[in-house]
Amino acid sequence: KQEYVFGYHFTSRRWFHLALSVDASSTLSLFVNGHTRGRYSLRQPISANREHPIVFGHPAPGTRSVPLVGFSGYLEDVRYLQEAVDPNYLLELQAMLPRHLAG
């Protein structure tokens with residue numbers, strides 16, 4: 001089991017565009033609104049499946065499943081791609097957002 005905690009502080013009642021990407025050198029990067037906000041070197045490849053799910057938040061102390069803590073909000077669109085995302089693309093995507101969402 002691999003766990004990576006990014007200590008980024010999110011402002012309440014604001015919209016954020018988040019992206020995680022793994023590059024060819026096995027570096028996991030967190031992007032917030034198109035900008036890099038954290039990196040980890042992976043110990044092993046990430047595989048997302050029934051036995052190794054991707055989780056937003058973490059199980060409450062003393063439990064193995066829901067309720068999740070550490071994430072309070074809404075997810076609008078989640079995508080899992082089989083390739084690394086170009087950081088420049090994320091900045092371009094951020095520039096296309098309506099001003100009130102772009103942060």
Side-chain angles (χ1 to χ4, degrees):
K1 179 178 177 181
Q2 295 184 84
E3 292 185 14
Y4 299 95
V5 177
F6 294 95
Y8 188 82
H9 176 73
F10 294 96
T11 305
S12 298
R13 302 191 182 280
R14 292 221 21 221
W15 186 95
F16 292 92
H17 178 262
L18 304 177
L20 290 170
S21 183
V22 179
D23 64 20
S25 65
S26 294
T27 299
L28 173 67
S29 299
L30 169 68
F31 296 88
V32 179
N33 295 336
H35 299 279
T36 307
R37 295 296 184 231
R39 293 177 191 236
Y40 282 102
S41 293
L42 299 178
R43 295 185 303 271
Q44 59 191 24
I46 290 179
S47 61
N49 55 44
R50 218 179 265 270
E51 289 79 33
H52 302 96
I54 295 174
V55 178
F56 298 93
H58 56 86
T63 69
R64 296 180 138 211
S65 59
V66 293
L68 293 179
V69 296
F71 177 81
S72 177
Y74 299 95
L75 297 174
E76 181 180 322
D77 183 17
V78 176
R79 298 177 190 190
Y80 180 84
L81 306 174
Q82 294 292 329
E83 58 190 45
V85 176
D86 182 342
N88 292 321
Y89 169 74
L90 295 174
L91 284 172
E92 291 171 13
L93 184 64
Q94 184 67 19
M96 291 186 292
L97 291 174
R99 185 175 281 256
H100 70 282
L101 292 179

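What you see is a predicted model; the values in this text were computed from it and never measured.
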*With sequence neighbours left out, write down each residue that passes side chain to side chain donor-acceptor pair (under 3.5 Å) with Thr36, or none if nothing qualifies.*
none
*Do the non-hydrogen side-chain atoms of His35 and Leu90 ever get within less than 4.5 Å of each other?*
no
*For Ser41, what residues pass the side chain to side chain donor-acceptor pair (under 3.5 Å) criterion, not counting sequence neighbours?*
none
*With rounding to the nearest 0.5 Å, note down the distance linking CZ in Arg39 to CZ in Phe31.*
6.0 Å
*Not counting sequence neighbours, which residues clear ring pair (Phe, Tyr, Trp, His ring centres under 6.0 Å) with Tyr40? List them please.*
Tyr4, Phe6
*Mind checking the CG-CD spacing from Asn33 to Gln94? Nearest 0.5 Å is all I need.*
4.0 Å
_Could you tell me if the side chain of Val22 sits less than 4.5 Å from the side chain of Thr27, heavy atoms only?_
no
*Could you give the distance from CG (Leu93) to CG (Asn88), rounded to the nearest 0.5 Å?*
12.5 Å
*Within the side chain of Ser26, is there an N or O that forms a donor-acceptor pair under 3.5 Å with the backbone of Leu42?*
no
*asked:* Quick check on the hydrophobic clustering: are Leu30 and Leu91 connected, directly or via other members, by side-chain heavy-atom contacts under 4.5 Å?
replied: no
_According to side chain to side chain donor-acceptor pair (under 3.5 Å), who are the partners of Asp23, at least two apart in sequence or on a separate chain?_
Ser25
